Protein chains: 2
Amino acid sequence: MSEVRWLSDQEQAVWRSYLAATTMLREHIERRLQRDAQMPQTYYEVLVALSEAPDMKLRMSELADASRSSRSKLSHAVNRMERSGWISRDDCDVDRRGSWARLTEKGFAVIHAAAPDHVATVREALFDVLTPEQVRQLGEISAAIAGNLAGECAKVREEEGTL
Amino acid sequence: MSEVRWLSDQEQAVWRSYLAATTMLREHIERRLQRDAQMPQTYYEVLVALSEAPDMKLRMSELADASRSSRSKLSHAVNRMERSGWISRDDCDVDRRGSWARLTEKGFAVIHAAAPDHVATVREALFDVLTPEQVRQLGEISAAIAGNLAGECAKVREEEGTL
DNA sequence: TCTTACTAGTTGAACGTTCAATTTGTCTTG
DNA sequence: CAAGACAAATTGAACGTTCAACTAGTAAGA
C-alpha cells in the first residue's frame, strides 16, 4: 500500500470546478432535450449513431460501441425506442444470434426535429462562453483524458460477458 | 425562429471528444467508488459536504445546494444513508418544518476510508494525464462554463417548489 | 386574526441504468 | 462431429433519479 498523494489546493479547486461544470452542463442538456424532444441524452446519441451509419442500421454491439452504451443498457433503450416506433429490429442472416437496429422514417424525423434545439443548447452553454483558444485547449484536454481511459473502458466491456 | 448555427467540423470534433472524455471519466469514477466503497458518486459528495460543515451538520436545503442535488434526490439519498447509519436526522428548533442532516461516527469513518482510493482514481484518470498548463486551462474553462450555467441552475431550483 | 402566499421537506410512481443470470448461436479443438 | 469455450443479445430485479403531488409550518397583509 503506497502513500496517498492528496490533491494540492489548486488541484482541489480545479477538480471542484470541473465537477460543477460537467455536472451542470450534462443536467442542463438533459433538461432541454427532455423538454424539447421528450428523450434523454443517451437516446439522442443512439439516434445520431444510427443516422450516420450506412443504411441507417447497425448491429446491436456496433451500436453499443458507437454510443458508449453497455449492451444491457442499449437493449433496454432500443426496446423503448422500438415501442415509440423510432427504431425497428431485423434478424441478422450472417449471425443468427445477432440483430440489426435500424432507424425508421419516424425515428429519422424525430432526430431531425430535435437537432436544431440541441445544437443551440450546446452552442450557448459551451462554445459561446469559451474563446477559440479555449475551445482548442478543451479539445486537447478531452483527447488526453479519453485516450487514457479508452483502454480501461474496453477492458470493462470485455468483462461484460465473461462473468 | 432564427437560423440554426450548426457546429463547425472543429467544434463537432471537440464536442464529441468532450462527451467521450466526461462520460468515460464519470463512469470510471462511479465504477471505482462502487467497487471500493459501495456507494455512488453523489453519496460521496453528500458525505464530503457534511464532513466540511460546522458540527458536520447542515439543513437539508443547504446540503442540497452544497452537493448540487435537487431536494427530492437528496431526500431519497439521505433516507438510504440514514438506513445505512451514515447520517442521522435531527429536528430543527428554529424552523419546525426543517431538519438537520448530520454525519454520524460511522458515516465519518466511511468517508475517511473511501477518500484515499477516490483521490487516487481522480489523480490517475485526470491530473496525471494533463500537463500543469492544461490543468490551469481546465480550471479556467470549467469556471467559464459553470459561471454561465449557475444562473440557469438557480432558476430551475426556484421552480422546484413553484409548480 | 384570518387568509393567502410562500418555503422546507417528503413521498410514490415512472423512468432509465446496472448487475447478474439466461438464452441462443458460433467457434475451436480433440 | 461432439464438447466445451466463447460471443450476441436479452431479461428481471435492484437501484438511484426525476417528476408531480402533497404535508406542514412560516410570513405578510388586510
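Sequence lines set the chain letters: A, B, ... in the order given, protein chains first and strands last, and positions in each chain run from 1. Please read all numbers here as calculations on a predicted model, not as lab measurements.
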Whichever hydrophobic residues join A:V48 through chains of side-chain contacts under 4.5 Å = A:L33, A:M39, A:Y43, A:Y44, A:V46, A:L47, A:L50, A:M56, A:L58, A:M60, A:L63, A:L74, A:V78, A:M81, A:W86, A:I87, A:L103, A:F108, A:V110, A:I111
Is A:E45 paired with A:R68 through a side-chain N to carboxylate O contact shorter than 4.0 Å?
-> yes
Strand-adjacent residues in residues 84-96 of chain B, judged by heavy atoms under 4.0 Å from DNA chain D = B:D95, B:R96
Member of A:R26, A:E30, A:R32, A:M24 meeting the side-chain contact (heavy atoms from CB on, under 4.5 Å) criterion with A:H28 = A:R32
Protein N or O to nucleotides 1-3 of chain C N or O, pairs below 3.5 Å:
none

salt_bridge(B:R16, A:E52) N-O dist < 4.0 Å | yes
For B:T104 and B:G85, indicate whether the former's side chain and the latter's backbone hold a donor-acceptor pair under 3.5 Å.
-> yes
Is a donor on one side and an acceptor on the other found under 3.5 Å between the side chain of B:Q12 and the backbone of B:D9?
-> no
Considering only NZ, NE, NH1 and NH2 on the basic side and carboxylate oxygens on the acidic side, decide whether A:D91 and A:R97 come within less than 4.0 Å.
-> no
Are A:D128 and B:R5 side-chain neighbours, meaning at least one heavy-atom pair lies under 4.5 Å?
-> yes
Pull out every residue in residues 49-68 of chain A that has a heavy atom closer than 4.0 Å to any atom of DNA chain D, ordered by number, or say none.
-> A:R59, A:M60, A:S61
Ion pair check, B:R59 and B:D65, cut-off under 4.0 Å = no
Considering residues, nucleotides and ligands other than A:R102, do more than 12 of their heavy atoms fall under 6.0 Å from its CZ?
-> no
Report yes if a side-chain nitrogen or oxygen of A:R71 is closer than 4.0 Å to either non-bridging phosphate oxygen (OP1 or OP2) of D:dT10; otherwise report no.
-> no
Hey, does the side-chain of A:R97 have a donor or acceptor N/O within less than 3.5 Å of a partner on the base of C:dT24?
-> no
In B/S/- notation (B base, S sugar-phosphate only, - none; protein heavy atoms under 4.0 Å), nucleotides 13-18 of chain D written 5' to 3' is ---BBB
Lys/Arg N to Asp/Glu carboxylate O, B:R123 vs A:E11, below 4.0 Å | yes
Can you name the residues that form a side-chain contact (heavy atoms from CB on, under 4.5 Å) with B:V119, not counting sequence neighbours?
-> A:W6, A:L7
Distance test, side-chain N/O of A:N79 to OP1/OP2 of D:dT11, below 4.0 Å | yes
Donor-acceptor under 3.5 Å (B:E82 side chain, B:N79 main chain) | no
